[in-house]
Amino acid sequence: CAAQLPGGGGGFGPEVSRAAEDGARLVCAPPGGVEAVLQMPRGNLEAVCPRALVLRAACAALLEGRYGAAHELCLRHRVDRNLLVDFGWPSFLARAPELVAQVSDPSDLVELVEALTERSTTLEGGAYHGLVPPAPPPPPEAAEALAAAPAG
């Protein structure tokens with residue numbers, strides 16, 4: 001059996017299926033959250049956090065400039081933290097100071113930098129390609145920062 005989450009709403013990708021116990025029913029998925037409640041065949045309720053809902057919430061936080069909240073979601077739900085930089089690249093260059101200000105623990109910042117790779121998580125072939133919305137175009141200041149950055 002698979003619980004399906006509709007992919008519409010802002011271009012957040014195609015339908016996503018997730019395996020669940022045979023006979024399980026989706027009871028609810030509160031708006032704005034990352035949890036979904038399933039009722040199992042024996043009657044017990046289980047809260048799960050489907051990757052599609054977590055990615056949607058993380059990208060929404062990034063679009064709103066809430067880098068600290070997006071970072072917490074990535075940590076809690078084991079999402080590749082490259083997403084924080086890849087989503088909206090190169091706009092991230094102009095907004096990197098916001099991330100540093102919102103992630104107050106220096107060890108979290110060090111772990112973020114250590115987790116970064118050259119491979120994009122959002123482009124074709126990336127882990128989240130097709131699961132995250134298209135990023136908005138970079139603002140003019142991001143293009144200027146990229147042009148001013150030293151090559152190398």
Side-chain angles (χ1 to χ4, degrees), residues 1-20 24 26 28-38 46-152:
C1 171
Q4 292 197 349
L5 303 167
F12 278 90
E15 285 190 359
V16 177
S17 295
R18 177 184 171 180
L26 179 63
C28 71
V34 297
E35 300 86 11
V37 178
L38 301 175
E46 244 182 68
V48 295
C49 299
R51 176 89 35 190
L53 293 180
V54 172
L55 290 172
R56 182 179 296 223
C59 291
L62 290 170
L63 286 171
E64 296 167 3
R66 296 182 301 114
Y67 288 97
H71 181 261
E72 284 295 319
L73 277 169
C74 288
L75 281 177
R76 184 176 302 123
H77 299 287
R78 302 183 76 163
V79 171
D80 187 341
R81 285 180 275 175
N82 240 39
L83 179 68
L84 299 172
V85 175
D86 293 342
F87 184 75
W89 180 263
S91 298
F92 176 78
L93 293 174
R95 300 184 80 181
E98 292 177 45
L99 178 125
V100 172
Q102 292 179 30
V103 178
S104 58
D105 187 358
S107 64
D108 282 346
L109 289 172
V110 169
E111 289 176 11
L112 170 64
V113 171
E114 289 174 344
L116 295 177
T117 63
E118 288 186 33
R119 185 177 172 113
S120 175
T121 58
T122 60
L123 297 178
E124 190 169 334
Y128 307 131
H129 176 70
L131 296 176
V132 297
E141 62 269 11
E144 292 169 10
L146 187 59

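This chain uses plain numbering: 1 for the first residue, then up along the sequence.
For residues 102-125, the pairs satisfying salt bridge (charged side-chain N to carboxylate O under 4.0 Å, His left out) are Arg81-Glu111, with sequence neighbours left out.
Here the closest non-hydrogen pair linking Leu131 and Ala127 is CD1-O, 4.1 Å. Closest approach of Leu53 to Gly33, counting heavy atoms only: CB-O, 4.3 Å. Nearest heavy atoms, Leu73 versus Ala58: CD1-N, 3.7 Å. When every heavy atom of Val103 is checked against every heavy atom of Gly68, the shortest pair comes out as CG2-CA, 4.3 Å.
The side chain to side chain contact (heavy atoms under 4.5 Å, CB included) search around Thr121 returns Asp80, Asn82, Leu83, Asp86, Tyr128, not counting sequence neighbours. Residues that satisfy the side chain to side chain contact (heavy atoms under 4.5 Å, CB included) test with Ala69, not counting sequence neighbours, are Ala61, Arg66.
One finds the SG atom of Cys28 at 9.5 Å from the CG atom of Leu38 (value rounded to the nearest 0.5 Å). Note that CG of Leu62 is 7.0 Å distant from SG of Cys74, once rounded to the nearest 0.5 Å.
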* Step by step, work out the side chain to side chain contact (heavy atoms under 4.5 Å, CB included) result for Tyr67 and Val100. => CA-CA 9 Å; Tyr67 288 97; Val100 172; over 6 Å; no

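Residues Arg51 and Val79 are in side-chain contact: their nearest non-hydrogen atoms beyond the backbone lie under 4.5 Å apart. Side-chain atoms of Leu84 and Leu116, non-hydrogen and from C-beta on, never get closer than 4.5 Å to each other.
Under a 3.5 Å cut-off, the side chain of Gln102 and the backbone N or O of Gly65 do form a donor-acceptor pair.
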